[in-house]
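Working notes, structure below.
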Amino acid sequence: MRWTLKPKHDDDQIMALAKILNVNRLIAQLLLQRGITSYEEAKKFFRPQLSDLHDPFLMKDMELAVKRIENAIQTNENILVYGEYDVDVTTAVALLSSYLLTLYPNVATYIPDRYKEGYGISYAGIDFADDNGFTLIIALDCGIKAIEKVAYASEKGIDFIICDHHRPGEKIPDAVAVLDPKREDCSYPYDELCGCGIGFKLIQALNFNREDSFDNLIPYLDLVATAIGADIVPITGENRVLAYFGLEVINSAPRIGFKAIINNLQKKKLTITDVVFIIAPRINAAGRMRHGQYAVNLLTEQNMEQALKYALDIEEFNTDRKGLDKEITDEALDMILRNKEENRFTSVVYKDTWHKGVIGIVASRLTETYHRPTLVFTKSGEKLAASARSVKGFDVYNALEQCADSIEQFGGHKYAAGLTMVEDQYEIFKAQFESVVAKTIDPNLLTPEILIDAKLDLDQISPKLLRIIQQFAPFGPGNMRPVFMSENLRDTGYAKGVGEGNKHLKLSVSQNNTGKVGAIGFNLGSKLSVVQNGNFFSAVFSLEENHWNGMVSLQLKIKDLR
């Protein structure tokens, strides 16, 4: 594990901001690291406002999209809301379809079958639209590369509006409107929206065009916050505003479908982390194990009794998903060892019987184990399909572009992508991908890194410090929970392994014989000897509240120690 202490800002800068905001130097330093240099920026950071959201009409083609939808409503056309099967898309489909249904009845949804139709817009989906009299398809979180599919639809008299946030290719599809802030010719001020975020901008524009109150849109923000968390987009700028108010909705007035999922939870207040680890996997499980339409049904359901039935089904899918995920991960790890590939620059594994719905999770698990760019392949019809995951700092999408001659189609982001190829290209691709990564990756990136915001002595830690840090939330990429380092620590004689197989480490630390602070290190049970026998050690940690037996105390959540 590499420990990297972030560069400290100039002392004068720290002092100036501390004075303006009336905070201590440490808080000023943490804010400067997040790009906050003035009172106005700090105000927006600590007190987000819905008025901070950008004008949706700044997005290229937004006027065209609104005009085409309004025209469809006036002329009584059938509108099909189309999207894939993961959380970002099922939330987006639920958001847009339920909003449009408040305006107009002739709206339906279409989620492709993960196994028969694959990724993105499918010919089968367009044929479905044609057979059922749909003349407008609004595609969410997909379509930016669907040039042939959009042309095929056009021949059948079907128009497309594309709402995507993936990187475009050299050509943009010839759709009525293509909403994608990553288009080079789009000057929208924020280009890190997720797919559901683009869907929200579209309903914001429709709502504004109709001169309706923005309050109409607040109930949809729980979906947007869930997608932001699940899709691991930066929680900065506009995403931060959407996540902040979306969490408020989840905690104060969640939709029936969310209520059904969180019904049995003991937690009073959900954070973005809870959304990512509790709500999102269950919504995802529907598309992974059965069909994404289950998730859309749950997210749009108005009747609690019916929602609880959907939630029960989805809970079963999630249990099945966990079992498969573990089984396939174990097989893949064993395959890497059997093939003596544990020292390569990449992990690329394939088995034709692996379940397509969990290969993305398995790729993430392998990346956690070996910390290198990873692809997990399975058979999908006549082709191979793969999910790619990367390590921090390495652009896997660029690496795939350099292997494009052996890939049939691919799409995605810097850290996650999906692709298909013909089977006889697999070994060629595997060698090519290893070669590209070996030549281009900084070897340091192959060792996991902990970024440390600041050094901190234990006597600087207080409930007030924790309260202020908690106001930095929601946390996520671009605004991670602050991480600190303390040196010359000693255990006060309490250190022990806890949990199954003593997997975790529980201790109480002091520094220079002052005070005692409780600490927990998840999955650090193997480091017990480092802290025993009065040894001095350093630790990297975040601060959190520990709730136990009705008592609340401050504790260190240790990430690593040495």
Side-chain angles (χ1 to χ4, degrees), residues 84-88 90 112-119 230-232 276-278 280-292 294-295 313-391 396 400 407 410 412 415-423 425-427 429-430 433-434 437 448 500 503 523:
E84 287 175 354
Y85 20 73
D86 71 8
V87 179
D88 191 14
T90 48
D113 186 289
R114 185 175 210 129
Y115 306 100
K116 294 175 186 164
E117 296 170 68
Y119 296 105
D231 217 47
I232 321 179
V276 171
F277 289 102
I278 296 167
R282 285 162 174 78
I283 297 170
N284 242 342
R288 290 186 188 285
M289 305 306 296
R290 192 65 64 85
H291 200 283
Y294 280 88
D313 288 343
I314 280 173
E315 194 60 48
E316 265 182 54
F317 300 152
N318 195 43
T319 304
D320 293 347
R321 187 271 306 165
K322 283 181 190 168
L324 265 178
D325 155 15
K326 183 176 185 323
E327 183 186 313
I328 296 171
T329 299
D330 290 346
E331 272 191 70
L333 288 168
D334 184 54
M335 194 180 283
I336 289 168
L337 291 174
R338 274 189 291 111
N339 294 340
K340 297 186 169 50
E341 292 177 344
E342 60 269 42
N343 295 317
R344 287 164 64 98
F345 286 89
T346 63
S347 296
V348 180
V349 289
Y350 162 54
K351 189 173 179 184
D352 60 359
T353 56
W354 283 343
H355 195 292
K356 190 179 172 187
V358 298
I359 57 173
I361 302 174
V362 173
S364 295
R365 302 266 189 262
L366 298 187
T367 309
E368 285 165 20
T369 305
Y370 283 110
H371 207 74
R372 60 199 186 196
T374 298
L375 281 111
V376 178
F377 281 85
T378 189
K379 199 81 183 272
S380 179
E382 295 301 305
K383 306 277 171 61
L384 299 192
S387 272
R389 296 292 182 270
S390 193
V391 293
V396 74
L400 291 175
I407 300 172
F410 72 99
Y415 293 132
L419 60 89
T420 55
M421 67 169 57
V422 293
E423 190 164 3
Q425 291 292 307
Y426 173 73
E427 291 297 343
F429 167 80
K430 184 170 176 171
F433 186 66
E434 171 73 11
V437 174
E500 192 182 332
K503 191 177 175 183
N523 301 310

Shortest non-hydrogen contact from [X] toward [Y]:
X      : Y      : answer
Arg389 : Ala363 : CG-CB, 3.6 Å
Val276 : Ala230 : CG2-N, 4.1 Å
Leu400 : Ala417 : CD1-CB, 3.7 Å
Trp354 : Ala332 : CH2-CB, 3.9 Å
Arg321 : Val358 : CG-CG1, 3.7 Å
Lys379 : Leu384 : CD-CD2, 3.8 Å

State, yes or no, whether a side-chain contact exists between [X] and [Y] at a heavy-atom distance under 4.5 Å.
X      : Y      : value
Asp325 : Thr329 : yes
Val349 : Val362 : no
Leu333 : Thr369 : yes
Ile359 : Ser387 : yes

Interatomic spacing from [atom1] in [X] to [atom2] in [Y] - rounded to 0.5 Å:
X      : Y      : atom1 : atom2 : value
Ile328 : Thr353 : CD1   : OG1   : 7.5 Å
Asn339 : Asp334 : CG    : CG    : 9.0 Å
Lys340 : Glu342 : NZ    : CD    : 8.0 Å
Tyr370 : Asn343 : OH    : CG    : 8.5 Å
Ile283 : Phe317 : CD1   : CZ    : 13.5 Å
Thr319 : Leu324 : OG1   : CG    : 11.5 Å

**Report entry** Pair Arg282-Glu316, salt bridge (charged side-chain N to carboxylate O under 4.0 Å, His left out): steps then yes or no
**Finding:** CA-CA 9 Å; Arg282 285 162 174 78; Glu316 265 182 54; over 6 Å; no
Query raised in the report: Ion pair present between Lys430 and Glu341, side-chain N to carboxylate O less than 4.0 angstrom?
Result: yes
Query raised in the report: Is any side-chain N of the basic residue among Glu423 and Lys383 closer than 4.0 Å to the acidic one's carboxylate O?
Result: no
Indicate yes or no for a side-chain donor-acceptor contact from [X] to the backbone of [Y] under 3.5 Å, with no hydrogens or angles considered.
X      : Y      : value
Ser390 : Tyr415 : no
Asn284 : Val87  : yes
Thr378 : Lys351 : yes

Report task. Just do the side-chain hydrogen bond (donor to acceptor under 3.5 Å, both in side chains) check on Thr367 and Arg372 with the steps written out, would you? Result -> CA-CA 6 Å; Thr367 309; Arg372 60 199 186 196; over 6 Å; no
Report task. If the plane angle is over 60° it's perpendicular, under 30° parallel, otherwise tilted; pick one for Tyr426 and Tyr350. Result -> tilted
**Report entry** side-chain contact (heavy atoms from CB on, under 4.5 Å) between Phe433 and Phe345, worked out
**Finding:** CA-CA 9 Å; Phe433 186 66; Phe345 286 89; over 6 Å; no
Report task. Would you please test His291 and Asp113 for side-chain contact (heavy atoms from CB on, under 4.5 Å) and show each step? Result -> CA-CA 7 Å; His291 200 283; Asp113 186 289; 4.1 Å; yes
Requested in this report: Using only heavy-atom distances, determine whether the side chains of Lys356 and Ser380 contain a donor-acceptor pair under 3.5 Å.
Outcome: yes
